[in-house]
Amino acid sequence: MAESARRARGGGGAARRAARTAVSFETARYIERNIPNFEVLTEEALEIIEHNADTVLEEIGVNFPDNPDALALWRDAGADVQGERVRIPRGLARKLCSTAPSTITQVARNRERDVVIGGKSLVLAPVYGPPFVRDAAGGRRYATLADFQKFVKLGYMSKWLHHSGGTVCEPTDIPVNKRHLDMLHAHMTLSDKPFMGSVTEPSRAQDSIDMSGILFGKDFVQENTVMTSLININSPMTFDDVMMGALKVYAENNQACIISPFIVGGAMAPVSVAGTLTQVLAETLAGIAYSQLVRPGAPVIMGAFVTSIDMNSGAPTFGTPEAAHITYGAGQLARRLNLPYRSAGSFNGSKLPDAQAAYETSNSLNMGLLSGVNFMLHACGWLEGGLVSSFEKFVMDADQLGTLHHLARGVEMDENAQAMDAIREVGPGGHYLGCAHTQNNFREAFWKSDLLDYKPFETWSDEGARDTQTLATARVEKMLADYQQPALDPAIREALDAFVATRKAAEPDSFT
């Protein structure tokens, strides 16, 4: 177990003393749905898309550029390999995908925060990848490591967020070839929730494995999934060698990968829903099948990052009906493959955490819940089409994730929920405020926002007439002021510090 692995390296007594004095922040367990998934495709439509996806793989094929090892694996598996083009016989990719597990347990260093990805679960993770950050005080600016560390702290303290994520923003003040070390170090030391590994170069994926070996123990990492990582397909139908190199490292080491097309409809896929779903399925089948060629049984998540496009400006659009149809349909296809599913998030194209951001985010979050998503990356903090991580939007979204938890519970029908005693007690013309049923249930009866303002106008006005962004700014400040670092064995912390220092000293800085 992880705990015994840590104690074996010393410092266990100090870690236990730190744990006794640390402040514990409540984190809700990952969501388990008690509501049905929303399905938009008929059986006939699903069969047509599956047939067409196999046709794409067999007749058109996919490219694996600059990757002779991958081409050799495909050739040995029975694919037709001509140059960098791989044409996969009908049914072969689906057969290879059958060895991938249907559910994944990702272990956190705090075992109470382990997550299950697959089945009826929904795991929520923060925004990933923006080079810019925004807050009310400083406006829009390039992200720094200090910004990154603040987001990790906010994620750790957010009740409804189950996962620390990965590149919650891109710390541009750190060299490109070394920033992954600082990001991983932050996730491992500033939070005890599950986290993601680096994918920007295969050696950085290996650094992620090595650092996880320090945190959990090398043998534990080989026997358990302790990281989830994002492997984007270069749509249409191209699997670049950098991403595939990172996938290979993770698959060989039993770590989970989200294999996800990056689709902007009309630019990287057809404008039609059915055409886009065909391409999404073909790409994910090929990517997941490749992971199973590397290591049968390697944990994978079928991904679908899908947005539409403004045909006038070329800008991506979010929260649209077409994106919802594709997200719902891709969920049906993932379930037919018996694979975990990643999609949706707090998507929006707004420049500010305003009404547009809220409308589009709400549409995107709800379609994720109803489509059967198991791992939702970008669940909070996303702004400006993914270019910006917003501090205010992070806490606004993280608060609203509580509604997904409560919606997913479904409708209880036990004797207490039927409330017949209350209806009898109150009778015609009465009110329920003082009845026994209300008194017994009011604390847990309704979901309550920790951020939004429901006060009377006069009270709201007297308190400064604060809008939601102003309330969110105050919440960010309070959360960061209240933050206390989760306990970590000092010997592990020292080993992580030493690893990062050694790796940074091993090569010159590069900002390209």
Side-chain angles (χ1 to χ4, degrees), residues 1-25 27 106-114 126 144-158 161 163-169 171 173-175 178-198 204-229 253 255 479-506:
M1 296 294 291
E3 292 298 330
S4 61
R6 294 170 196 168
R7 282 196 292 268
R9 288 188 292 277
R16 289 191 294 275
R17 286 191 296 275
R20 285 194 293 270
T21 59
V23 173
S24 178
F25 297 97
T27 297
Q106 183 180 349
V107 174
R109 74 173 176 93
N110 178 348
R111 295 302 304 269
E112 293 181 358
R113 292 175 176 167
D114 291 1
T144 66
L145 181 60
D147 293 318
F148 185 96
Q149 292 166 338
K150 289 178 182 178
F151 277 118
V152 173
K153 293 175 181 179
L154 291 173
Y156 166 62
M157 297 176 71
S158 296
L161 199 62
H163 203 281
S164 192
T167 308
V168 287
C169 64
D173 57 333
I174 307 297
K178 298 178 181 181
R179 62 182 60 156
H180 68 287
L181 299 165
D182 291 301
M183 290 189 283
L184 283 162
H185 189 273
H187 282 302
M188 291 178 176
T189 61
L190 301 180
S191 174
D192 60 9
K193 294 182 179 181
F195 58 88
M196 301 176 73
S198 176
R204 297 168 198 166
Q206 187 59 54
D207 285 339
S208 304
I209 298 293
D210 294 341
M211 290 180 71
S212 294
I214 295 170
L215 185 65
F216 292 98
K218 289 182 180 180
D219 292 341
F220 188 89
V221 169
Q222 295 304 312
E223 296 167 3
N224 299 272
T225 297
V226 302
M227 278 184 291
T228 302
S229 299
N253 288 277
Q255 301 307 305
M479 290 174 73
L480 292 176
D482 289 346
Y483 171 82
Q484 289 191 27
Q485 194 165 350
L488 178 63
D489 187 320
I492 294 176
R493 174 60 186 261
E494 291 170 9
L496 287 171
D497 293 349
F499 181 91
V500 170
T502 300
R503 286 289 292 116
K504 282 188 170 185

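Closest heavy-atom contact between Pro194 and His163: O-ND1, 3.4 Å. Listed here is the closest heavy atom pair of Arg109 and Pro486: NH2-CG, 3.3 Å.
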- request: Could you check Thr27 against Tyr156 for side-chain contact (heavy atoms from CB on, under 4.5 Å), going step by step and ending with a plain yes or no?
  value: CA-CA 8 Å; Thr27 297; Tyr156 166 62; over 6 Å; no
message: Run Met479 and Ser158 through side-chain contact (heavy atoms from CB on, under 4.5 Å) and show every step you take.
response: CA-CA 9 Å; Met479 290 174 73; Ser158 296; 3.8 Å; yes
task: For Leu154 and Leu480, run side-chain contact (heavy atoms from CB on, under 4.5 Å): C-alpha distance rounded to whole Å, both residues' side-chain angles, the deciding distance at 0.1 Å, then the answer.
output: CA-CA 7 Å; Leu154 291 173; Leu480 292 176; 4.0 Å; yes
field: Pair Gln255-Val221, side-chain contact (heavy atoms from CB on, under 4.5 Å): steps then yes or no
entry: CA-CA 8 Å; Gln255 301 307 305; Val221 169; 3.6 Å; yes
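Taking CG of Asp210 as the start and CG of Asn253 as the end, the distance is 8.5 Å to the nearest 0.5 Å. Atoms NZ and CG, from Lys153 and Asp482 in turn, are 12.0 Å apart once rounded to the nearest 0.5 Å. Atoms CG and CG, on Asn110 and Leu488 in that order, are 11.5 Å from each other to the nearest 0.5 Å. A distance of 6.0 Å separates CE of Met188 from CG of Leu496, quoted to the nearest 0.5 Å. Atom CE in Met183 sits 11.5 Å away from atom CD in Gln149 (nearest 0.5 Å).
A salt bridge does not link Lys178 to Asp182: none of the charged side-chain nitrogens sits closer than 4.0 Å to a carboxylate oxygen. We find that Arg204 and Asp207 are not joined by a salt bridge, their nearest charged nitrogen and carboxylate oxygen being 4.0 Å or further apart.
Residues Thr228 and Gln106 have side chains that bring a donor and an acceptor to within less than 3.5 angstrom of each other.
Side-chain contact between Phe151 and Cys169 is present, with at least one heavy-atom pair separated by less than 4.5 Å. Looking at Phe216 and Asn224, their side chains never come closer than 4.5 Å, going by heavy atoms from C-beta outward. Between Gln222 and Phe220, every side-chain heavy-atom pair lies at or beyond the 4.5 Å cut-off. Using a 4.5 Å heavy-atom threshold, the side chains of Pro126 and Leu161 count as touching. At a threshold of 4.5 Å between non-hydrogen side-chain atoms, the residues Leu145 and Arg179 do not count as touching. The side-chain heavy atoms of Met227 and Ser212, taken from C-beta on, include a pair separated by under 4.5 Å. Looking at heavy atoms from C-beta onward, Leu215 lies in side-chain contact with Ile492 at the 4.5 angstrom threshold. Looking at heavy atoms from C-beta onward, Leu181 lies in side-chain contact with Met211 at the 4.5 angstrom threshold.
Of the possible polar contacts, none joining the Thr144 side chain to the Pro171 backbone as a donor-acceptor pair under 3.5 Å is found. Checking side-chain atoms of Ser208 against main-chain N and O of Ser198 turns up a donor-acceptor pair under 3.5 Å.
Between His187 and Phe148, the two ring planes are perpendicular [angle over 60°; tilted spans 30° to 60°].
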